[in-house]
Student: 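Dropping a structure here in structure tokens format, bear with me for questions.
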Protein chains: 2
Amino acid sequence: MVNATPPERPRGRGRTTMRDVAAIAGVGIKTVSRVINGEPNVSAAKQEAVLAAVAQTGFRRNDSAALLRQGHTSSIGLVLEDAADPFSSALTRSIQDVAHQHGTVLFSASSAEDPVKERDLVLALCARRVDGLIVVPASGSHTYLLPEIDAGMACVFVDRPPDGIEADTVLVDNVGGARAAVEHLVRHGHRRIAFIGDRLEIFTARERLRGYREALAETGIAFDPRLVFNGPAYGEEMPAWLRGMLAGPDPATALFCGNSRFSVEAIREISRAPQRPALVGFDDFELADLLTPGVTVVSQDPFGLGRAAAQLLFRRLNGDATPVQHIHLRTKLIPRGSGEVGP
Amino acid sequence: MVNATPPERPRGRGRTTMRDVAAIAGVGIKTVSRVINGEPNVSAAKQEAVLAAVAQTGFRRNDSAALLRQGHTSSIGLVLEDAADPFSSALTRSIQDVAHQHGTVLFSASSAEDPVKERDLVLALCARRVDGLIVVPASGSHTYLLPEIDAGMACVFVDRPPDGIEADTVLVDNVGGARAAVEHLVRHGHRRIAFIGDRLEIFTARERLRGYREALAETGIAFDPRLVFNGPAYGEEMPAWLRGMLAGPDPATALFCGNSRFSVEAIREISRAPQRPALVGFDDFELADLLTPGVTVVSQDPFGLGRAAAQLLFRRLNGDATPVQHIHLRTKLIPRGSGEVGP
DNA sequence: TTGAAAGCGATACCAC
DNA sequence: GTGGTATCGCTTTCAA
């Protein structure tokens, strides 16, 4: 507890404006502006008077008003799927950091993977005239953004490309990562490898499936659709499928999981199975190393993704008008045990 | 912090304003405003003319300008420790949702537990005239907020109370949760129970330590400072201490970990130990149920915390001027195995 | 029903 | 050095 007498202060009188400060200090409003913004050409006497008035009133500049006049907002918007998931929150954090370095604040919002909600959120941010936008796009057309982009809104898409428009993207090498995972399993003797991925509406699911198929083709393994699941990451659908597949004829001896949600659910399932298949997951997750066995993953770097996207966005905001860029980040296979067992 | 004004972006057609639309539609600017805002008293003919002009120009209202005039911003600010950690990201998500229900957008920023950075971020948000503020306070005085609160800024603190000011708080029952954890271990026969908690600058660390001590006192167990660690959650300090304590004379047979970070680090450590102590952790974490054994935790509900804080904030924004409120949320012990083993 | 004029709270420009 | 005035894009007020 602090036991000091608080200084006298005008209470609850609403906000002081520059005009008020000017009146109290006996100077023009522009002189106040000069002092507040540290501009030159103010005499020491007036400076002092202004500072005194500021201290007395507790004045603080209304940045919104200043920014309205200046034509930008020093803010950027971020719309992603779900702020609570680890991938998104890492993205958020790294973008916050870059934004902060540029004196910019960040609006964040979650689309819940709903194209309509995404559109509403994005347009709401555009209406506020954020200087730029970073979007993890939900599926669905993004042509609604064309008028905004035309009007000068800078926009970078992360993790997935937008549908129907050409725009800057920062993606991970999904195909390469998936290939690496499958090749790793093949190298450990597997030829019956299952793929468990998101609904095919989702870009990353399609790409990772493509990588899976390329790796199979390259190693001379026939593609078997019975070993492929594409569906929702939540709910009973995948576990039921997995149970059935493992209990059926000619089951998989190894699983390649298309995202960490699936990895976790699959582990939950196979830890009860008599014959535990090998497993490699796309996307790292906390505690993957603490499980028994440790979970082998293809890691992507969500912080790196966010940083790259934000840096690209600020380059655009600073006038970089070079053609649309597509940045791809590398993935890394981290062996921890679950992927290094034979059939 | 770089505070440069970005150069003029080469924008397509630039932004259309209401004035432009009015000119094209051949009506007064106020009529455009009426149409855009769905206000009554506009003839069908003019309405149509305005709509046509809007469609032609791709006009979209500048909300920032509208809000400046209206005196609020329909935005709230959130400052927390680290947007990337699971607790914070759950908080963010639930606050986003409540804000969205109120037609409000959310600024989010991370203080990195640095009081100076927190102050900068909070004041920056105040300068933008967010309508309200939700803060997970870092340690350090919060008297810097007095002028803002005086000026009418609504402010709710989450997870920890602010220092030096009286304000609305939404906290979890740290003492009760800690007592429940320790009593649970005592019930399973333990009398040598260690406490592993954050630095005592952090409110929750103090409270949980208090609960630990109360439970010991109540069950007639002497407090032994050699069984208590308070220090940083990252780095080698805690693991080293734990190793030493377990290898020393009269070691603990059970651990009570003050947050999930410590739980994870402690598990990492004791899984290598010859004699694995029982463990209960404060704060649930993903995969706690998948580890072997499952990790018994005292769970708090970060989504509930965020929701309660946001709802309280919006009550304030809607004119609720009742005295300062202190909301406490209950915790729940979830037995999963690690806490149900004897000495 | 309509729109001209006066703000909102700051900055930009330009005389003095 | 200094400060008046126009302005940012919209809403509010009020007279027509």
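The figures here come from the full heavy-atom set of this structure, side chains too, leaving out hydrogens, waters and symmetry mates.
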Student: Decide yes or no on side-chain contact (heavy atoms from CB on, under 4.5 Å) for A:Arg34 and A:Val50, but give the supporting numbers first.
Tutor: CA-CA 10 Å; A:Arg34 287 208 178 83; A:Val50 169; over 6 Å; no
Student: Would you check if the side chain of B:Thr143 reaches a backbone N or O of B:Ser141 as a donor-acceptor pair within less than 3.5 Å?
Tutor: no
Student: Rounding to a whole Å, what distance do you find between B:Asn62:CG and C:dC8:C1'?
Tutor: 13 Å
Student: Can you list, by residue number, the residues of residues 42-52 of chain B that have a non-hydrogen atom closer than 4.0 angstrom to DNA chain C?
Tutor: B:Val42, B:Ser43, B:Lys46
Student: So, does B:Ser64 use its side chain to make a donor-acceptor pair with the main chain of A:Arg128 at under 3.5 Å?
Tutor: yes
Student: Rounding to an integer number of Å, can you tell me how far B:Asp63 CG sits from D:dG9 C1'?
Tutor: 11 Å
Student: Is there a donor-acceptor pair under 3.5 Å between the side chain of A:Glu118 and the backbone N or O of A:Val79?
Tutor: no
Student: On the nucleotide C:dC8, are OP1 or OP2 found under 4.0 Å from the side-chain N or O atoms that B:Arg129 carries?
Tutor: no
Student: Please write out the pairs of protein N or O atoms and N or O atoms of nucleotides 12-14 of chain D separated by less than 3.5 Å, giving the distance to one decimal.
Tutor:
none

Student: Going by side chain to side chain contact (heavy atoms under 4.5 Å, CB included), name the residues that satisfy it together with B:Asp20, two or more places apart in sequence or in a different chain.
Tutor: B:Thr16, B:Thr17
Student: Using whole Å, what does the distance between atom C1' of nucleotide C:dA6 and atom CZ of A:Arg19 come to?
Tutor: 12 Å
Student: Would you kindly give the CG-to-C1' distance between A:Asn41 and C:dA15, to the nearest whole Å?
Tutor: 15 Å
Student: Going by side chain to side chain contact (heavy atoms under 4.5 Å, CB included), name the residues that satisfy it together with A:Ala23, two or more places apart in sequence or in a different chain.
Tutor: none
Student: If I take atom NE2 in residue A:His72 and atom C1' in nucleotide D:dC8, what distance separates them, rounded to the nearest angstrom?
Tutor: 13 Å
Student: For B:Asn37, answer base if it contacts any base atom (sugar-phosphate contacts may also be present), sugar-phosphate if it contacts only those atoms, and nothing otherwise; contact means non-hydrogen atoms under 4.0 Å.
Tutor: sugar-phosphate
Student: Suppose we screen for side chain to side chain contact (heavy atoms under 4.5 Å, CB included). Which residues come up paired with A:Arg119, at least two apart in sequence or across chains?
Tutor: A:Leu123, A:Tyr144
Student: Quick one: A:Ile36 CD1 to C:dA10 P, roughly how many Å, whole number?
Tutor: 9 Å
Student: Please list all pairs passing the salt bridge (charged side-chain N to carboxylate O under 4.0 Å, His left out) test where one or both residues lie in residues 74-84 of chain B, with sequence neighbours left out.
Tutor: A:Arg93-B:Asp82, B:Glu81-B:Arg160
Student: Donor-acceptor pair, distance only, cut-off 3.5 Å: does the side chain of B:Asp85 make one with the backbone of B:Phe87?
Tutor: yes
